[in-house]
Amino acid sequence: MSPFRVSTAVALAWSGAALSVAPVPANAAWGLNLPTPVSPIGREILELHNLIMLICLIIFIVVFGFMFYSIYAHRKSTGREAATFAHSTKAEVVWTVIPFIILIGMAIPSTATLINMEDTSKSDLTIKVTGYQWKWQYEYLDHDVSFYSSLATPREQIVGLQPKGEHYLLEVDNPLVIPTNRKIRLLVTANDVIHAWWVPKFGAKKDAIPGYINELWTKVETPGTYRGQCAELCGKDHGFMPIVVEAKSPEEFDAWLAGRKQGSSLEHAAATAAAKQWSESELMARGEEVYAHCAACHGVDGKGLPGAFPAIAGSAVATGPVEDHLTLVMDGKPGTAMQGFKGQLSDIEIAAVVTYQRNAFGNKAGDTVQPSQVQSLR
Amino acid sequence: MATADVAHHEEHHHHPSGVMRWITTTNHKDIGTLYLCFSLSMFLLGGLMALVIRAELFQPGLQVVDPHFFNQMTTMHALLMVFGAIMPGFVGFANWMLPMMIGAPDMALPRMNNWSFWILPFAFTMLLSSLFTAGGGPAAGWTLYAPLTIQGGMGVDMTIFAIHMMGISSILGAINIIVTIFNMRAPGMTLMKMPLFVWTWLITAFLLIAVMPVLAGAVTMLLTDRHFGTAFFDPAGGGDPVMFQHIFWFFGHPEVYIMILPAFGIISEIIPTFSRKPLFGYTAMVLATAAIAFLSFIVWAHHMFTVGMPLTGELFFMYSTMLIAVPTGVKVFNWVSTMWRGALTFETPMLFAVAVVFLFTIGGFSGLMLAITPADFQYHDTYFVVAHFHYVLFSGAAMAMMGGAYYWLPKWTGHMYDEKLGKIHFWLTTIFFNVTFFPQHFLGLAGMPRRIPDYALQFTEFNVISSIGAFGLGFAQLLFVYVIVKCVRGGSKATDTVWEAPRGLEWTVPSPAPYHTFETPPKIA
Ligand SMILES: [Cu+2]
Ligand SMILES: [Cu+2]
């Protein structure tokens, strides 16, 4: 055994011992209940869940106490004769009415929590959340800040070429950042198919549906990083569109927001600078990076997934007239998974990725696209 | 096809033999056998797909299949189990048992009966061959939610047509059952004297007729959205993706009772026999079944609490769903009271029946938890839901059918099955079932979404356990097949009553039940 193995074994043994005496830490392996909530709604839900669990457990034990007693005591092998009774109005009325009363007892706190959950009024900050195949977009509506958030776990970890990191599949490039102790209202929608935005520790889940804007609120009390996942099947990479939220103190949040605004104006500057003429090699290098946006469907090798996602290699569009190629990438094709990238990518990024597609994977269109050309089509 | 004149009917030995017997048969027992064999083979095939799913989920990372194929497996597994294994399985039981239970010579519409079975192999061949088309089979989940289904390839269209065919088959079968029960009962067999299995099937048949056309409508709208430029579910054309869910679940919730009410019927036959006591609260059982059926039409949106319904809608569907606990509770209490102060023995059918009552109730309680809207926001679309519906569908519907098979096999074949192997099959199934699905409750609570091919490291341990259980559960079913084959081929001779003192007309005919029974109606006491 290598020293590393020994130390993990020791650590495992320790944590096993610790688990048996300490309450199970939230989000750890072997967790048996909902994770420890960090928002008022999350707490209310946990309490409700525990209460209902308890009621169910008691009824279960009583009912099956009777059954197992009967299984033990009323066996034929004890030499007994079967009784002959076949109904009892009194008993039947009792076990219809009592459950009904218990249900009312459950309905009252549930109703209260539900009313509270649905009250999105008087919020301090509104963020629009849009689901895409397979990433999230966050827009801070009153602050002109907007960015995309997608899986940061490298492909090598997924296919087992690298050891898996601590936050395997639950890490993103750009987390959503929110201030603590503020009522945050999220407007949830989607661009293509239905997704669902869910962070378990917030007790917050809402479907992101194209054509709908759903509302959801949360208020996070403890600063920290919280993780969740898309909860509605949304196609091939449904399992690979995590949600990461960083809750910062209001001061830190304000600082972050200010920095972010500057960042986006820098991007604007970069976009204007894109008025310059780009060489083919510059475009190809940039395009290869941007192609990461396309690889989930069209494949890293440009071969796509036959029948579902067309290949770029040898594609009629990618080798045909450049205008058609550009329009398709910018506007997408309604009713298919091919989304419009006009809003997601800047002029130079679109120019680069189209150039790349036209000249990579064995395609030899031989032409390049300049940002100015993209600009003129906007 | 031979004409069904009276003379032909009397000469039993002139029906075609070999394959033609099975293709042309209009005999309810033959057709029952066909349905049951079909159901068993779909059960095994669907189980195989479940094992692909569990193999991929055995460890974090992608090892066995790619995510697109994984989605096809989850979708296909569910479609096969729901439409191929459970529903036809219960129709098989109905074909075999209903005429014998009500003292009828056959089903009322024998030729239609032949058709409703023979549509199925074609439907499922079409469904399964979609896996081999470009783009693969359906991959949007058995719920086929738009707009994701709009994206798929030709496999989705084949699925839609297959569902149309299954729907026709179910509706024909349901009509036949209703007509048989209303017109073919032996004189004196009043409605309130019918065995509970007959009652549950009567109500199920009405549910089928009510909701299968709704499903057909939903998938037809998908088809026209996909190919003919309509935009029922496409917001860009003024359509509404949520409407698909409303229509689907208006079918989908009654569908879950279509899959469980006949199971309740089977349990209500088995428990009295091995308790040597009449069923407790027969009238209440009938009323509870009817109440469940009625409520099943007004609870559908409990599958959609997270779509952003108005508060009043959420409250209505929460309250109506909670109400279902009352008639369901009545059933469980009545089964326990049937056992109470009986003289119990635990042959294999009884073991299955008791396990169903116990395990189904776990599924019932998790169902009640899911009805609590605020809590459902946490459970929805997680493994908690996966655990829940396997507790009601596997340890409810499927295990009830296993119990029913052991219960009536001696009547069907004339041989006793191997009791020892039957018990081993029972224990393996029950233990591995719980090993597979109980940990999934914890996974769901901890935050693992359903329908994902890969997961975060904190979910590893329970997934490993669940996968081990699944393989055990799968292999245990090979033993089931072996016991059935062995029983068909031979075994000690079964008596006419088979069990000590079972109630019901089926036990008054010889074992094996002759090709034609009750050609003259029995006398009902
Ligand atoms: Cu998604
Ligand atoms: Cu339902």
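The structure presented is a predicted model; accordingly, all values stated were derived computationally and were not measured. Each chain gets a letter, A, B and so on, in the order the sequences are listed, and its residues count up from 1.
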Relative to chain B, which of [options] shows the most heavy atom pairs under 4.5 Å?
options                                : value
A/Leu48, A/Ile71, A/Leu305             : A/Ile71
A/Ser110, A/Gly79, A/Ala208            : A/Ser110
A/Met67, A/Glu44, A/Gln157, A/Glu166   : A/Met67
A/Leu114, A/Asn214, A/Val199           : A/Leu114
A/Pro200, A/Gly211, A/Ala204, A/Cys230 : A/Pro200
A/Glu81, A/Met106, A/Arg80             : A/Arg80

Structural part of [X] lying under 4.5 Å from a heavy atom of chain A:
X        : result
B/Tyr319 : side chain
B/Gln72  : neither
B/Ala236 : neither
B/Met318 : side chain
B/Phe333 : both
B/Pro147 : both
B/His441 : neither
B/Ile465 : side chain
B/Pro439 : neither
B/Ile362 : both
B/Ala288 : neither
B/Val354 : both

Legend entry - Flag if over 12 foreign heavy atoms under 6.0 Å of CZ, A/Arg155: no
For each of [options], tally heavy-atom pairs with chain A at distances under 4.5 Å, and name the one with the top tally.
options                                : answer
B/Thr74, B/Thr283, B/Thr361            : B/Thr361
B/Thr345, B/Thr382, B/Leu148           : B/Leu148
B/Phe384, B/Phe442, B/Phe280           : B/Phe280
B/Gly135, B/Pro310, B/Ala343, B/Pro453 : B/Ala343
B/Arg276, B/Met304, B/Met448           : B/Arg276
B/Asn334, B/Asp234, B/Thr143           : B/Asn334

Between [X] and chain B, with a heavy-atom cut-off of 4.5 Å, which part of the residue counts as in contact: side chain, backbone, both or neither?
X        : result
A/Thr96  : both
A/Cys234 : backbone
A/Ser88  : both
A/Glu118 : side chain
A/Ile209 : side chain
A/Leu233 : both
A/Thr111 : both
A/Ala196 : neither
A/Ile41  : neither
A/Phe309 : neither
A/Leu170 : side chain
A/Phe64  : side chain

Check: [X]/[Y] side-chain N/O donor and acceptor closer than 3.5 Å:
X        : Y        : result
A/Tyr212 : A/Asp207 : no
A/Asn33  : A/His49  : yes
A/Trp198 : A/Glu232 : no
A/His167 : A/Arg227 : yes
B/Thr149 : B/Gln151 : no

Please check if the side chain of [X] supplies one atom and the backbone of [Y] the other of a donor-acceptor pair under 3.5 Å.
X        : Y        : answer
A/Lys76  : B/Gly342 : no
A/Ser70  : B/Met339 : yes
B/Ser130 : B/Met158 : no

For [X] and [Y], work out which heavy atoms get closest and say how close.
X        : Y        : answer
B/Lys277 : B/Ser337 : NZ-O, 2.8 Å
B/Ala139 : B/Asn71  : O-CB, 3.4 Å
B/Met285 : B/Trp335 : CE-NE1, 3.1 Å

Inset, instruction - Report yes or no: is the cationic atom of B/Arg226 (NZ for Lys, CZ for Arg) closer than 6.0 Å to the six-membered ring centre of B/Phe228, at no more than 45° off its axis? - result: no
Inset, instruction - State whether A/Glu215 and A/Lys206 are salt-bridged, where the test is any N-O pair (Lys NZ or Arg NE/NH1/NH2 against Asp/Glu carboxylate O) under 4.0 Å. - result: no
Legend entry - Mutual orientation of the aromatic rings belonging to B/Trp340 and A/Tyr69 [parallel < 30°, tilted 30-60°, perpendicular > 60°]: tilted
Inset, instruction - Could you tell me whether A/Phe202 and A/Tyr226 have their ring centroids closer than 6.0 angstrom? - result: yes
Legend entry - Ring center gap for A/Phe60 and B/Phe358 short of 6.0 angstrom: yes
Inset, instruction - Can you sort out the partners of B/Phe346 under ring-ring contact (aromatic ring centres under 6.0 Å, His included), two or more places apart, ordered by chain and number? - result: none
Inset, instruction - Find the distance between CD (B/Gln458) and OG1 (B/Thr460) and round it off to the nearest 0.5 Å. - result: 8.5 Å
